[in-house]
**Q** 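I am attaching a structure below and will ask some questions about it afterwards.
Fair warning: this is a prediction, and the values are worked out from it, not measured in the lab.
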Amino acid sequence: MNSKTQFELQSDYDSLYRAGKHHVGFQPADDVFPDTMMSFEVFGCLQNGKATYPDVPDDKWIEYDFSGDEEPIEAPSFID
């Protein structure tokens with residue numbers, strides 16, 4: 001079992017993203033977007049997102065590519 005807190009996990013993904021080593025984020029589609037999630041929050045791992053929001057259908061998860069110069073989500077925050 002992983003003993004890291006959610007904050008530590010978030011810091012890990014955020015650090016990897018800011019260092020240019022993590023380029024993918026996942027978020028539910030607008031029509032099923034959870035009330036408890038902010039628009040700038042993304043999951044670095046799809047499985048973590050599905051586990052956190054099991055009511056979101058598999059085909060409603062959007063994969064974002066952060067490898068280019070333009071970010072599809074401004075100032076993303078990785079929450080897993």
Side-chain angles (χ1 to χ4, degrees):
M1 174 142 190
N2 191 338
S3 63
K4 291 185 177 184
T5 65
Q6 184 170 346
F7 176 76
E8 289 170 324
L9 290 172
Q10 178 180 356
S11 295
D12 288 347
Y13 272 111
D14 279 341
S15 295
L16 288 171
Y17 167 71
R18 304 227 185 286
K21 297 179 181 178
H22 187 77
H23 306 289
V24 179
F26 299 91
Q27 203 180 60
D30 287 341
D31 60 336
V32 293
F33 201 84
D35 292 337
T36 58
M37 197 171 167
M38 303 297 284
S39 62
F40 58 85
E41 294 177 323
V42 295
F43 287 92
C45 175
L46 179 57
Q47 289 78 14
N48 291 342
K50 288 180 176 183
T52 303
Y53 295 106
D55 293 339
V56 175
D58 289 348
D59 65 338
K60 292 292 186 169
W61 285 93
I62 300 170
E63 179 177 340
Y64 292 100
D65 179 0
F66 294 100
S67 63
D69 291 335
E70 293 185 24
E71 295 180 333
I73 297 173
E74 187 177 339
S77 176
F78 290 87
I79 58 174
D80 63 340

**Q** Which atom names give the shortest non-hydrogen contact between M37 and F43, and what distance separates them?
**A**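 Minimum heavy-atom separation between M37 and F43: CE-CE1, 3.8 Å.
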
**Q** Could you tell me the separation between the NE2 atom of H22 and the OG atom of S15, rounded to the nearest 0.5 Å?
**A**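 Between H22 NE2 and S15 OG, I get 12.0 Å after rounding to 0.5 Å.
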
**Q** Can you give the donor-acceptor pairs under 3.5 Å from side chains of residues 51-58 to other protein atoms, not counting sequence neighbours?
**A**
{"residue": "T52", "atom": "OG1", "partner": "N48", "partner atom": "O", "Å": "2.8"}
{"residue": "Y53", "atom": "OH", "partner": "T36", "partner atom": "OG1", "Å": "3.0"}
{"residue": "D58", "atom": "OD1", "partner": "K50", "partner atom": "NZ", "Å": "3.4"}

**Q** Which residue pairs pass the salt bridge (charged side-chain N to carboxylate O under 4.0 Å, His left out) test when at least one of the two sits in residues 38-48, sequence neighbours left out?
**A**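 Counting only pairs at least two positions apart or across chains, no salt bridge (charged side-chain N to carboxylate O under 4.0 Å, His left out) contact touches residues 38-48.
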
**Q** Taking side-chain hydrogen bond (donor to acceptor under 3.5 Å, both in side chains) as the definition, give me every residue that meets it alongside D65, ordered by chain and number, with sequence neighbours left out.
**A**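 Per chain and number, D65 pairs via side-chain hydrogen bond (donor to acceptor under 3.5 Å, both in side chains) with S67.
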
**Q** Can you name the residues that form a side-chain contact (heavy atoms from CB on, under 4.5 Å) with Y64, not counting sequence neighbours?
**A**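 Testing Y64 for side-chain contact (heavy atoms from CB on, under 4.5 Å), a comparison that skips the adjacent residues, returns Q27, I62, F66, P72, I73.
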
**Q** D31: what forms a side-chain contact (heavy atoms from CB on, under 4.5 Å) with it, not counting sequence neighbours?
**A**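 D31: side-chain contact (heavy atoms from CB on, under 4.5 Å) contacts with A29, K60.
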
